[in-house]
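Chain letters run A, B, ... following the sequence lines, proteins first and then strands; every chain starts at 1.
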Number of protein chains: 2
Amino acid sequence: MSGMTKPASKSLAPEARPYHHGDLSRALVEAAQRILEKDGPAALSLRAVAREAGVSPAAPYHHFKDKGELLEAVAHEGWTALDAALTAARQKAADANERMTGLGVAYVCFARDNPAIYRVMYDCSRDKDSLPDQLKDDGAYCQVRNTIDERSGGTVSEIDLELATIAAWCAGHGLAEMIGFKQFDPLKEALGGEEAFLRAVFEHLGMFARLDQG
Amino acid sequence: MSGMTKPASKSLAPEARPYHHGDLSRALVEAAQRILEKDGPAALSLRAVAREAGVSPAAPYHHFKDKGELLEAVAHEGWTALDAALTAARQKAADANERMTGLGVAYVCFARDNPAIYRVMYDCSRDKDSLPDQLKDDGAYCQVRNTIDERSGGTVSEIDLELATIAAWCAGHGLAEMIGFKQFDPLKEALGGEEAFLRAVFEHLGMFARLDQG
DNA sequence: AGATAATCTTTGCAGCGTTTAGATGGATTT
DNA sequence: AAATCCATCTAAACGCTGCAAAGATTATCT
């Protein structure tokens, strides 16, 4: 018992973390994501997150003022991930029309593959009555608008561009919220799979109808 | 104390309801609606509903197997109300195009004016991964499909009709979920009000683009 | 080295959904 | 009319939740 007590306790029991965690906020966000993926949004209590991170139920309150603020952090990472998914889809597309449809399909697929996080993203937005500012500065929303602008050759008015972006965004969100609904199953089958169904719906939306005729 | 005790206790103290309520399920649904309108979905606990209805916290369990089943009853009435709103909008429209846009505007306005009930309606649907069957049998969904069918003169294929209905429905739902978002405020102002904004978005969707060209 | 501030734990409170056991009283049978 | 049955209600309790207050622990700064 001379001198080496502290490092020894660390190396001998690596799971017994020190009193000060080091980066608990990060650990909490990751714990929340783990719970969301495993058991869904209903299981996401602050206490469960603390449990998963291995700290006391009150510990999170030193990093987030309440549960909502932790969820906001989770949502923030969700929007970043969505942004990345849209960027990837945009680069994969050939022509302008395909690029737009691909963006829509990628959006809905993100929601389908990350339903719990997608839920949290919009729950947070609704609490604040606004989408995060994150989206405006070269984020996901901006990508959609840019894609529409490119397709029209940059000749469309600012208002029409904004309206078309909103229309596309709303359609994508609506479809994202319902993509798992059983009512669509026969149609998905008839069209040869879920992605084909998505493309068909987006094509029916004809989001450029007005831009093309004006 | 002779003979008249029972009616006397009723007429003398009308707020002291008898041990057996009479129609508690109905009273509970109405209590839930009252709470939703007054304090929003976050305040809607089963206990609060029981309190509002003047019964014990366990009383609801004799009429609904759990909280979700009560919410389903509330949602059911919500869909019926939405149905009525769409019917009214449909009858007010002149030509076929106007009828379709009017339907969309009416849909979103219903969600804007009854945000809490609208939330419950879709929360329930999501729990079951399906929209209620209610919509298919001459309900709201059916109204949209019929309107699209009428507009196209009944010449459109079954699959295209279904796809167009889904597209329109998703766009309406997406817009309904975001209509209150602050990002839209400048645009609403620029277009001269919220309803004008809604019309503009729906026109941008050009929901008949594909039907017209095929 | 000692003080300060940040971080974590313990304890506690009120509210939640739900279950169990018991009270009440209308309806049905005898 | 009396006894029975059963739907309906209440009371009490369990484990969960979000959150606040107060105390313990440790890093950091002077």
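dT7(C) atom P lies 12 Å from atom CZ of Phe64(A), rounded to whole Å. Rounded to whole angstrom, the span from the CZ atom of Arg51(B) across to the P atom of dG17(C) amounts to 9 Å. Distance CZ (Arg47(A)) to P (dT9(C)): 13 Å, rounded to an integer number of Å. Summarising the geometry, the separation between NE2 on His63(B) and P on dG17(C) is reported as 17 Å, rounded to the nearest angstrom. Whole-Å rounding puts the Leu46(A) CG to dC16(D) P distance at 16 Å. Computed from coordinates, the Asp23(B) CG to dA7(D) P distance equals 17 Å when rounded to whole Å. Distance, Asp39(B) CG to dC16(C) P: 12 Å, rounded to whole Å. The interatomic distance linking Asp66(A) (CG) with dG18(D) (P) rounds to 11 Å, in whole Å.
When each of dT9(C), dT8(D), dC16(C) is scored by its nearest atom to the side-chain atoms of His62(B), the top-ranked nucleotide is dT8(D). Side-chain proximity of Leu24(B) to dC9(D), dC19(D), dT18(C): nearest is dC9(D). Proximity note for Ala48(A) (side chain, C-beta onward) versus dT9(C), dG18(D), dT17(D): the nearest is dT17(D).
Contact annotation for Ser56(B): base contact, defined as any heavy-atom pair under 4.0 Å involving a base atom.
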Determine, stepwise, if the pair Ile166(A) / Tyr141(A) fulfils side chain to side chain contact (heavy atoms under 4.5 Å, CB included).
CA-CA 9 Å; Ile166(A) 290 170; Tyr141(A) 183 89; 3.5 Å; yes
Could you go through Tyr122(A) and His173(A), starting from their C-alpha distance and side-chain angles, then the distance that decides it, and tell me whether this counts as ring pair (Phe, Tyr, Trp, His ring centres under 6.0 Å)?
CA-CA 10 Å; Tyr122(A) 270 90; His173(A) 173 59; 3.9 Å; yes
Could you go step by step and tell me if Glu52(B) and Val49(B) meet the side chain to side chain contact (heavy atoms under 4.5 Å, CB included) rule?
CA-CA 5 Å; Glu52(B) 171 82 21; Val49(B) 172; 5.6 Å; no
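With the nearest nucleotide of DNA chain D identified for both Ser45(A) and Ala58(A), Ser45(A) has the one nearer the 5' end.
Checking side-chain atoms of Glu69(B) against main-chain N and O of Lys65(B) turns up a donor-acceptor pair under 3.5 Å.
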